[in-house]
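The basis for the numbers below is simple: all heavy atoms, side chains too, and nothing from hydrogens, waters or symmetry mates. Residue numbering restarts at 1 for every chain, and letters A, B, ... go by the order of the sequence lines.
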Amino acid sequence: MITLQQLLDQLNDNQREAVSYNDGPSLVIAGAGSGKTRVLTYKIAYLLLSGYHPSSILALTFTNKAAREMKRRVADLVGHDKAKWLWMGTFHSIFSRMLRSEAERIGFTSQFTVYDSSDSRSVLKSIIKEMQLDDKVYKPGMIQSRISFAKNNLITASAYESHGDLLKSDAGGRIPLFSTIYTTYAKQCHQANAMDFDDMLLYTNILLRDFPDVLEEYRQRFQFILVDEYQDTNLAQHIIVKRLAEIHQHIAVVGDDAQSIYSFRGANIANILQFKSHFPDSKLFKLEQNYRSTQNIVAAANSLIKKNKGQIQKNVFSEKGKGIPIQLLTAMTDTEEGYIVAKEISDLYYQEHHPYNEFVILYRTNAQSRNFEEALRKRNIPYRIYGGLSFYQRKEIRDVLAYFRFIINPLDGEALKRCINYPTRGIGDTTMSKVIECANHNQVSLWSVIGDPVFFQLPVNRPTVTKLINFHAMIHALADEMTTLDAYEMAVKIVKTVGISADMTEDLSVENISRRENIQELVSGIHTFCEDKANDGETKISLADFLSEVSLLSDQDMDADDSADDKLTLMTIHAAKGLEFRNVFIVGMEEELFPSSYISSERELEEERRLFYVALTRAEERCFISYARSRFRNGQLNFTNPSRFLSDIDPGLIDLPADFRQPMSTSSFTPKWQKENSVGKQMLFEQSNETTNSIHDIPHAITSTWKKLTPTSAQISNSAEASIQSGGGITVGNKVFHEKFGQGIVISLEQMDGNWKATVDFGSNGLRALLLKYAKLVILE
DNA sequence: GTAAGAAAAATTTTT
DNA sequence: TTTTTCTTAC
């Protein structure tokens with residue numbers, strides 16, 4: 001147990017001020033490596049020592065890992081007995097807890113299922129199919145992200161339906177039925193007693209908006225609110241936090257606007273930049289001393305981030321040694337880049353005795369890892385790759401979890417589809433389509449139809465009826481066991497009963513053995529889960545308890561086996577946020593790759609620059625940056641140019657090779673279609689900083705997102721006009737001939753990655769998007 | 001209901 | 001180039 005004084009003595013002046021300030025809202029801007037987590041944990045400990053009850057403190061994070069780490073560190077300060085009562089967890093897990101206890105108010109049961117993004121994509125796919133829409137136009141992925149953005153901006157399906165601008169924008173983007181899909185999707189999720197990740201934020205908002213007693217209860221309960229990584233919050237999260245803190249104003253948020261790299265997931269940097277306007281009495285604290293990196297690295301990162309506009313001014317400094325300049329490695333090809341980096345690592349390992357686990361290779365895209373893997377293998381350098389399939393994404397794990405879900409919530413149609421499909425039991429697509437149609441027709445759940453196919457006059461033959469009824473009976477019997485068995489017993493029982501065990505023991509292929517091990521790992525994970533809960537004094541741990549936690553878990557949360565063995569790390573820069581390494585290699589520093597060729601606005605360019613900032617600030621001691629002059633991308637050899645970001649770094653802080661030519665492009669963004677012709681001067685993509693308080697008002701921010709997702713009619717005509725000047729002679733309205741698709745009419749023209757793309761209506765052969773570079777279009781008239 | 005073959009697409013992804 | 005998704009044939 002620590003005293004208040006001891007607590008404060010362990011902090012620097014700025015940290016101490018931030019921790020002990022409790023006269024109103026505060027915003028703590030925590031520069032990279034400045035002890036952000038330390039401030040958060042000490043602040044919580046401080047509050048506990050000054051009399052707050054742990055259960056009156058709410059601390060929100062973005063990852064379970066961060067929550068766990070923070071809880072551990074608070075426990076180290078004040079003891080586990082106190083720390084365990086804290087409301088500390090991810091936004092989603094805390095809100096899930098609230099939603100489950102108030103579920104009935106919004107038409108769900110406390111057993112509601114959480115749909116992950118592949119579940120919701122699958123639901124959307126079947127809706128699109130059912131509405132007989134072309135999934136080339138209504139791309140499930142695109143629809144999904146639009147719905148996600150709508151929810152993150154608190155636009156419900158019904159609000160969407162009555163929002164003229166959005167409807168108009170959809171019509172202009174050739175997806176007039178989007179709103180209908182959204183409504184159907186919301187309805188189906190609701191009927192399935194299921195919420196997707198975004199729903200958890202949206203419904204929490206609705207709960208707090210429509211039920212004053214609930215709002216009041218949680219306002220009373222949470223006497224102090226802390227939020228980590230505030231720069232990554234979206235509107236939905238921001239509004240919830242704001243509502244809860246509205247009365248007592250006991251709120252502290254921590255973050256770094258310079259590390260906001262998740263806007264593509266809906267994060268709104270304005271939440272942190274405009275914090276003062278949402279909490280006018282708030283006090284700003286800045287943590288500017290970096291304890292991680294050498295002065296050189298800090299200065300280089302500072303010089304880079306200075307190129308961004310619209311940020312909170314800070315002066316990050318280091319009192320460590322000057323260190324060595326950043327080293328730039330140039331390769332002729334991507335393969336050579338791998339070789340050079342591996343060589344450099346090898347030298348440091350053998351000559352300076354740096355263990356491999358003090359190295360990280362950071363890249364913009366996962367696809368870049370390959371060259372490095374090969375080069376590392378050649379030198380026998382052990383490595384670990386982050387990213388790719390997570391444990392919970394694996395088919396066998398999803399199968400098992402589907403059974404858990406289905407038994408707990410029989411209305412969960414997605415789980416049903418998966419369960420009925422595996423292990424094979426002679427019920428295929430044909431039967432399922434009939435079941436779905438029958439369920440829709442009778443307005444009942446799939447579960448009901450399967451329970452009594454004869455009653456619902458399902459048009460299938462006798463053996464199929466038996467199969468369906470058997471399946472129904474098996475699930476029903478298992479559901480009955482729920483009352484007596486705990487999570488672990490239940491899991492074992494399910495895996496045995498449904499035939500997964502049998503299926504796994506049958507074939508002994510290598511893949512199958514790995515699958516079996518994965519299932520084994522899941523089951524023993526459940527065992528551990530039960531034990532942990534029992535140690536905290538909980539009794540009767542049900543499978544539902546496990547499921548409600550596991551559906552909010554990601555692979556990042558279970559890497560227990562790291563750091564023990566001496567392996568180098570390969571990961572994307574996004575995945576590296578929050579981590580630190582002695583030696584950092586930032587690779588693929590080329591135009592079109594980093595910054596990504598996908599960016600289309602100054603705002604996105606700035607986010608890419610922040611991403612680079614995050615990469616640089618991971619380094620403690622050495623930082624290497626590499627690029628190649630040529631690279632295979634999508635099977636094609638491309639010649640590349642060094643990234644414009646290289647010239648954003650103060651030249652005195654980076655060791656340039658003798659033959660290095662500064663990237664010619666300036667650091668500012670010019671859309672290609674503006675560069676090549678002078679049509680269209682307005683920045684259609686700029687995001688507004690406005691946010692609003694009301695669920696039904698459409699924040700300005702979202703409309704701009706919309707413009708990104710769907711070309712507005714204005715944009716289309718801009719592109720069309722531009723094409724008149726430089727589109728290779730083809731213009732909108734041309735009748736053209738394609739050797740495969742025949743005759744068609746050019747509907748629109750736009751530029752992508754410097755290539756002209758035409759959308760052509762080939763009549764019975766459908767709408768086709770064609771790159772003029774490849775498609776040999778003959779102009780007919 | 002599965003397996004092989006063709007076609008199309010190919011950022012980043014805390015929950 | 002690889003990976004994923006859709007088709008088609010057994």
So, A/R398 and A/D119, do they make that salt bridge, N to O below 4.0 Å?
yes
Ring pair (Phe, Tyr, Trp, His ring centres under 6.0 Å) assessment of A/F108 paired with A/Y203
CA-CA 10 Å; A/F108 288 80; A/Y203 281 118; 5.0 Å; yes
So what does A/D232 touch, heavy atoms closer than 4.0 Å: a base, only the sugar-phosphate, or nothing?
base
Please confirm whether the shortest side-chain N or O distance from A/T572 to OP1 or OP2 of B/dT13 is below 4.0 Å.
yes
Should the pair A/E337-A/R631 be classified as a salt bridge under the 4.0 Å nitrogen-to-oxygen rule?
yes
Calculate the interatomic distance between A/F612 atom CZ and B/dT12 atom P; express it in whole Å.
19 Å
Given DNA chain B, 5'-ward residue of the pair A/A367 and A/H92, judged by closest heavy atom:
A/A367
Polar-atom pairs under 3.5 Å, protein N or O versus N or O of nucleotides 6-10 of chain C: list them with distances, or write none.
none

Tell me whether the ring of A/Y262 lies stacked over the B/dT12 base, given a 5.5 Å limit on centroids and a 30° limit on the plane angle.
no
A/R609/A/D648 ion pair, N-O < 4.0 Å:
yes
Mutual orientation of the aromatic rings belonging to A/Y262 and A/F264 [parallel < 30°, tilted 30-60°, perpendicular > 60°]:
tilted
Starting from P on B/dT2, measure out to CG on A/D429 and report it in whole angstrom.
10 Å
Please determine whether a side-chain nitrogen of the Lys or Arg among A/D334 and A/R370 lies less than 4.0 Å from a carboxylate oxygen of the Asp or Glu.
no
For A/M571 and B/dT13, give me the distance from atom CE to atom P, rounded to whole Å.
10 Å
Assign A/G426 to base, sugar-phosphate, or nothing according to its heavy-atom contacts below 4.0 angstrom with the strands shown.
sugar-phosphate
Strictly under 3.5 Å: I want the nitrogen or oxygen pairs between protein and nucleotides 1-3 of chain C, one per line.
residue	atom	partner	partner atom	Å
C/dT1	N1	A/G635	N	3.3

Starting from P on B/dT13, measure out to CE on A/M142 and report it in whole angstrom.
22 Å
Atom CZ of A/R364 and atom C1' of B/dT13: how far apart are they, to the nearest Å?
11 Å
What is the distance, rounded to the nearest whole Å, between atom NZ of A/K139 and atom C1' of C/dT4?
16 Å
How do A/S117 and A/L611 order along DNA chain B: which one's closest nucleotide is nearer the 5' end?
A/L611
Could you tell me whether A/I427 contacts a base, only the sugar-phosphate backbone, or nothing, with contacts defined as non-hydrogen atoms closer than 4.0 Å?
sugar-phosphate
Testing the 3.5 Å rule here: is there a donor-acceptor pair between the side chains of A/T61 and A/E229?
no
Which whole-number value in Å describes the distance from A/F62 CZ to B/dT13 C1'?
13 Å
Can you list every stem that DNA chain B is part of, counting only runs of 3 or more consecutive Watson-Crick or G-U wobble pairs with both distances under 3.5 Å?
B:1-10 with C:1-10
Need one value for A/N366: base, sugar-phosphate or nothing, where a base atom within 4.0 Å counts as base even if backbone is also close, heavy atoms only.
sugar-phosphate
Is a salt bridge present between A/R603 and A/E606, judged by a nitrogen-to-oxygen distance below 4.0 Å?
no
Rounded interatomic separation in angstrom, taking CZ from A/F264 and P from B/dT11
12 Å
Taking only the side-chain heavy atoms of A/T424 (C-beta and beyond), determine which of B/dT11, B/dT2, B/dT12 contains the nearest atom.
B/dT2
